Chemist: 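There's a structure below that I have some questions on.
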Number of protein chains: 2
Amino acid sequence: MKTVNAQAEKLKLARDEFVAQWGALGTQWGINRTMAQIHALLMTAPQPMTTDDVMEELEISRGNAHTNLKELVSWGLIRAVVKKGERREYFEAEKDVWQIFTIVARERKRREIEPALALLAKCAEESSGIETPEGKAFNNQIRALEEFVGFASKMSDRISSMKYGFAVQLASKLLG
Amino acid sequence: MKTVNAQAEKLKLARDEFVAQWGALGTQWGINRTMAQIHALLMTAPQPMTTDDVMEELEISRGNAHTNLKELVSWGLIRAVVKKGERREYFEAEKDVWQIFTIVARERKRREIEPALALLAKCAEESSGIETPEGKAFNNQIRALEEFVGFASKMSDRISSMKYGFAVQLASKLLG
DNA sequence: TTGATTTTTCAGAATTAAATGAAAACCGTG
DNA sequence: CACGGTTTTCATTTAATTCTGAAAAATCAA
């Protein structure tokens with residue numbers, strides 16, 4: 001019994017560290033700390049958790065827990081599940097790493113690549129008729145960026161719609 | 001003459017929009033607005049610019065301009081150049097899109113992927129000896145993440161050390 | 001319908017990140 | 001070495017983001 005307790009304690013420590021640090025990393029990734037922490041918590045949860053569980057575990061307010069749980073649901077990184085005979089919602093994380101990757105890749109594309117592409121297209125268009133040397137240089141630079149970002153966008157699509165096995169196969173050629 | 005002025009005006013408008021919007025996008029990318037704006041400004045500058053030029057163009061303080069110029073230099077996205085007979089520094093941007101991409105990819109890897117990998121390795125290690133079912137599940141999940149992130153890290157290295165032509169060749173297979 | 005439970009919203013508070021501007025440090029020149 | 005121009009630093013201010021907590025809305029069972 002002593003051993004089991006000691007091991008449970010060890011697990012709790014490791015998991016708490018993971019959750020805390022993953023939250024800190026989230027900041028770098030441009031997602032907010034709480035959202036990343038909840039994600040880490042649910043990715044490593046043996047069972048689905050309620051809003052109250054999350055509040056208690058992370059010592060955060062209901063509003064905060066709620067907002068970030070919903071945001072994670074909208075990303076598709078977690079989902080709400082219902083337990084029969086229970087009224088409140090439980091949440092569980094997608095645990096498959098390839099799924100997680102494709103979800104994050106798609107979301108980043110949507111939020112980072114697509115707006116950039118739209119801007120570049122607009123500026124390329126607006127500057128296309130300018131015949132001064134500066135105008136031509138500007139237009140060329142914008143078009144070079146546009147071409148590259150468009151290409152990155154297509155790549156992102158292709159990769160994130162691959163089956164995991166195929167991606168691995170492709171990658172092994174690259175890394176081999 | 002009228003035409004040239006009109007065109008110059010049109011260019012200024014397009015460029016100003018590009019700079020402003022690229023700055024807004026930067027926020028999404030986890031880069032601060034001013035840094036992204038300066039980068040946009042210099043990428044589309046016909047000539048190298050001084051700190052004062054940047055301050056004037058973006059209407060920002062000296063401290064802000066200075067800090068972000070240095071940050072861009074440390075990333076390698078811009079470089080200081082000296083004009084002979086001139087004492088103050090001029091800055092010019094790297095304009096090659098593949099270069100820009102590899103620089104950003106390397107920096108992101110350093111700031112986003114490597115710390116995550118370190119954390120995952122640590123948590124995998126800490127939880128490796130736990131024999132409870134929860135401990136095993138936790139360890140497995142962490143190791144799956146670690147493996148994937150490590151793999152992404154290697155891929156990132158490989159791609160960003162490729163010659164542009166080779167990357168295009170590879171990509172065309174993928175997109176073809 | 002009522003009442004209990006749960007979810008959602010949101011104004012204000014707290015925290016964190018970024019910008020300012022002035023002073024200090026730095027440099028090249030006479 | 002001292003002067004003018006330039007760069008760098010950093011305490012303070014400002015702006016942006018995130019969090020709280022309580023009230024309102026929604027949901028469901030009786």
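As the structure is a prediction and not an experimental result, all values here were calculated from the model. Chain A is the first sequence line, chain B the second, and so forth, proteins listed ahead of strands; every chain is numbered from 1.
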Chemist: Just the endpoints, please: which first and last nucleotides of DNA chain C, 5' to 3', lie under 4.0 Å from a heavy atom of chain B?
Modeler: C:dA18 to C:dC27
Chemist: Tell me yes or no: between the side chains of A:S61 and A:N64, is some donor less than 3.5 Å from an acceptor?
Modeler: no
Chemist: For A:K154, does its backbone N or O pair with a side-chain atom of A:D157 as donor and acceptor, under 3.5 Å?
Modeler: no
Chemist: If only atom types and distance count, is the side chain of A:S153 paired as donor or acceptor with the main-chain N or O of A:V149 below 3.5 Å?
Modeler: no
Chemist: Would you indicate what A:N64 reaches in the nucleic acid, counting non-hydrogen atoms under 4.0 angstrom: base, sugar-phosphate, or nothing?
Modeler: base
Chemist: D:dT8 phosphate, OP1 or OP2: any side-chain N/O from B:H66 under 4.0 angstrom?
Modeler: yes
Chemist: Without decimals, in angstroms, what is the distance between B:E71 CD and D:dT9 C1'?
Modeler: 15 Å
Chemist: Any idea which of D:dT6, D:dC19, D:dT7 is nearest the B:T51 side chain?
Modeler: D:dT7
Chemist: Main chain of A:K95, side chain of B:Q141: is a donor-acceptor contact present, judged purely on distance under 3.5 Å?
Modeler: yes
Chemist: Side chain of A:W22, backbone of A:I38: donor and acceptor closer than 3.5 Å?
Modeler: no
Chemist: Using whole Å, what does the distance between atom C1' of nucleotide D:dT20 and atom CD of A:E56 come to?
Modeler: 18 Å
Chemist: For the pair made of CG in A:N68 and P in D:dT17, what is the distance, rounded to whole Å?
Modeler: 15 Å
Chemist: Looking at the side chain of B:T27, which of D:dT17, D:dT9, D:dC19 is the nearest nucleotide?
Modeler: D:dT17
Chemist: Side chain of A:I60 only, heavy atoms from C-beta on: which candidate in D:dT8, D:dT20, D:dT18 is closest?
Modeler: D:dT20
Chemist: Which part of the nucleic acid, if any, lies within reach of A:R88 when heavy atoms closer than 4.0 Å are counted: base, sugar-phosphate only, or nothing?
Modeler: sugar-phosphate
Chemist: Please give, in whole Å, the distance from D:dT20 C1' to A:E59 CD?
Modeler: 14 Å
Chemist: When the distance from CZ of A:R62 to P of D:dC19 is rounded to whole Å, what number comes out?
Modeler: 16 Å
Chemist: In whole angstrom, give the distance that lies between atom CE of A:M35 and atom P of D:dT17.
Modeler: 16 Å
Chemist: Nearest of D:dT9, D:dC19, D:dC28 to any side-chain atom of A:N32?
Modeler: D:dC19
Chemist: Between the side chain of A:N139 and the main-chain N/O of A:A124, is any donor-acceptor distance below 3.5 Å?
Modeler: yes
Chemist: Quick one: B:R33 CZ to D:dA15 P, roughly how many Å, whole number?
Modeler: 11 Å
Chemist: Quick one: which of D:dT27, D:dT7, D:dT6 gets closest to the side chain of B:E89?
Modeler: D:dT7
Chemist: Looking only at the side chains, is there a donor atom on one of B:T44 and B:R15 sitting less than 3.5 Å from an acceptor on the other?
Modeler: yes
Chemist: What is the distance from NZ of B:K70 to P of D:dT6, rounded to the nearest Å?
Modeler: 14 Å
